[in-house]
Trainee: 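Shown below is the structure under consideration.
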Amino acid sequence: MKIAPFRIEQYYAVHEFTAPHMLSSSDAESVAIAEVLALEPDAAERLFAQRLGYTESVGAPELRAAAAALYDTTSPDDVIVVAAAEEAIFVAYHALLQPGDHVVVETPCYESALEVARSAGADVTEWCRSAGNGWAHDLDALEAALRPDTRLVYTNTPHNPTGLLMPRQVLDRVVELCAERGAWLFADEVYRELEHDPADRLPAAVDLYDRALSLGSMSKTYGLPGLRLGWLASRDRAVLARIVDLKHYTTICSSAPSELLSALALRHRHVFADRSRAIVLANLELVDAFLERHAERFSWVRPTASTIGFVRIEGVEDTSVFCQQLVADAGVLLLPGTVYDVPTHVRLGFGRSAMPMALGLFEAWIETRS
Ligand SMILES: Cc1ncc(COP(=O)(O)O)c(C=O)c1O
C-alpha cells in the first residue's frame, strides 16, 4: 500500500511533546482516570477486576449501548467500536472501496480523509471550501463533483480546521444527493456535542440516512484521547460487518480497560462535554479580545463549535516559517495551514486550560517583531 505522509501528525510527532506551550491542540483539556472512576460508586472496583483478555471485535456490549444512546435511531447492534476515529477512517475506506471507486471529500480536512481514500485506490474529488467566501459550503460545487456512480461522500462537521458547523439545509441536501446515488455518507462527527451553543447541534447523519456512517470518538469533545477509542454507527449492518472483517486484520478488538472507561465516561458524557465547553467559551473570549487588538494582522471566521479555529495571518504567505520561528523563539506551538494546503492560515486551539498563557506568550512575541 502506498500512502502519503500524514503531515499533521508528523508535525505533532516532532513538536507536541517538546514545545512547552500548546496553542493549536485539537482536543479538549484531558481528564484524569480518577475523575472518570469517580462517576459511579463501584467503577474503580470494576476496573481493578477487569480481566485483560480479548474483547468482542464489534466492541463490548456496555460500550455499544452507551454509544448507541447518542443517537435517536440506533440500537447497540448499529454500533461498532474501533481503536479511535483514526482506525475507523482506515478500516472503513479499505473495507468499502475498490480501486477506481469515486469518492468526494470535503476539504480542507484532517488528512486521513483524503489520503486513506487514495491509498485504497479511490479516485478522489475534493469538495473545496475556501476562506474567500467565509468557508461557505458551495452545494453547486458539490453537485459538480459528484458522479452518478460516486460510492462515498466524506463530510466533517463540526469541522477541522475551521471549527464551523455545516448549516442544517446543507446537511439535508448532502443527504439527498447521496441518496439519489445510493452513495455512503461518511460523516466525521468527532466534535459533535462541542457546539459552543448546544442549541446549534445538528442531527447525526446516522439518524438522517440509512447509508450513513456516523463517526464518534472519545478524543475531542470529552477530553479522553488517551483511551484511543471511537465508534461507527450505521443502520446498514452489512456495511458494519464488512468493516469489522477488516478490523480483524488491524486491531481485532479494542483495549478492555479503555472500553470499560469509555462506556463509563459516555454514560456521563455531559459532565465532560460541559467541562470542555466551559473552557472553550472562556478561552474564546480571550481570543476574541486578542484578535480585536491585532485586527490588522489576524482574522478568522469565528468558530461555532469545537476547540479550534483557522486564523489568517495577513502578509504571511507561508505560515510554516512563521510557526517554526514562533516555536523556536517562544516555545508556542501553532499548526501551520500548509498541512491542510492552506498556507496563509494557522490552526489555533483553545480547548486547553493553559491556553491563556500560550496566547499571552504569542502576543508578547508578536509585539517584539512589530
Ligand atoms: C476531524 C477529525 N477526525 C478524526 C480524528 C482522529 O481522532 P482520534 O484521536 O479519535 O483517532 C481527528 C483528530 O484530530 C480529527 O480532527
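Counting starts at 1 for both ligands and their atoms, in listed order. Computed from a predicted structure; not experimentally measured.
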Trainee: Is Ser26 close enough to touch ligand 1? Criterion: a residue heavy atom under 4.0 Å from a ligand atom.
Mentor: yes
Trainee: Taking both backbone and side-chain atoms of Asn156, is any N or O found less than 3.5 Å from an N or O belonging to ligand 1?
Mentor: no
Trainee: Can you find an N or O of Ala85 that's nearer than 3.5 Å to an N or O of ligand 1?
Mentor: yes
Trainee: Starting from the C-alpha separation in whole Å, work towards a yes-or-no answer on salt bridge (Lys or Arg N to Asp or Glu O under 4.0 Å) for Glu62 and Arg267.
Mentor: CA-CA 10 Å; Glu62 67 158 344; Arg267 284 195 291 273; 2.9 Å; yes
Trainee: Compute the shortest N/O to N/O distance between Ser219 and ligand 1 and return yes if it is under 3.5 Å, no if not.
Mentor: yes
Trainee: Purely on distance, is any nitrogen or oxygen of Asn160 under 3.5 Å from one on ligand 1?
Mentor: yes
Trainee: Considering only the protein, which heavy-atom contact is closest to atom 1 (C) of ligand 1, and what is its distance?
Mentor: Asp188 OD2, 3.3 Å
Trainee: Suppose we measure from atom 5 (C) of ligand 1 to each protein heavy atom; which comes out shortest, and what is that distance?
Mentor: Tyr110 CE2, 3.3 Å
Trainee: Just by distance, no angles: are the side chains of Ser119 and His94 close enough, under 3.5 Å, to form a donor-acceptor pair?
Mentor: yes
Trainee: Ser219 and Asp27: side-chain donor and acceptor closer than 3.5 Å?
Mentor: no
Trainee: Could you see which bit of Lys220 sits under 4.0 Å from ligand 1, with heavy atoms only: side chain, backbone, both or neither?
Mentor: side chain
Trainee: Side chain to side chain donor-acceptor pair (under 3.5 Å), that's the test. Do Ser24 and Tyr12 meet it? Break it down for me.
Mentor: CA-CA 10 Å; Ser24 56; Tyr12 281 121; 2.8 Å; yes
Trainee: Considering only protein heavy atoms, which is closest to atom 10 (O) of ligand 1, and at what distance to one decimal place?
Mentor: Ser217 OG, 2.7 Å
Trainee: With under 30° as parallel and over 60° as perpendicular, where do the rings of Phe298 and His294 fit, or are they tilted in between?
Mentor: perpendicular
Trainee: Only one of Tyr110, Tyr340, Phe90 passes ring pair (Phe, Tyr, Trp, His ring centres under 6.0 Å) with Phe6; say which it is.
Mentor: Tyr110
Trainee: Can you tell me if CD on Glu40 sees more than 12 non-hydrogen neighbours from other groups inside 6.0 Å?
Mentor: yes
Trainee: If you measure from each non-hydrogen atom of Arg228 to ligand 1, which part falls under 4.0 Å: side chain, backbone, both or neither?
Mentor: side chain
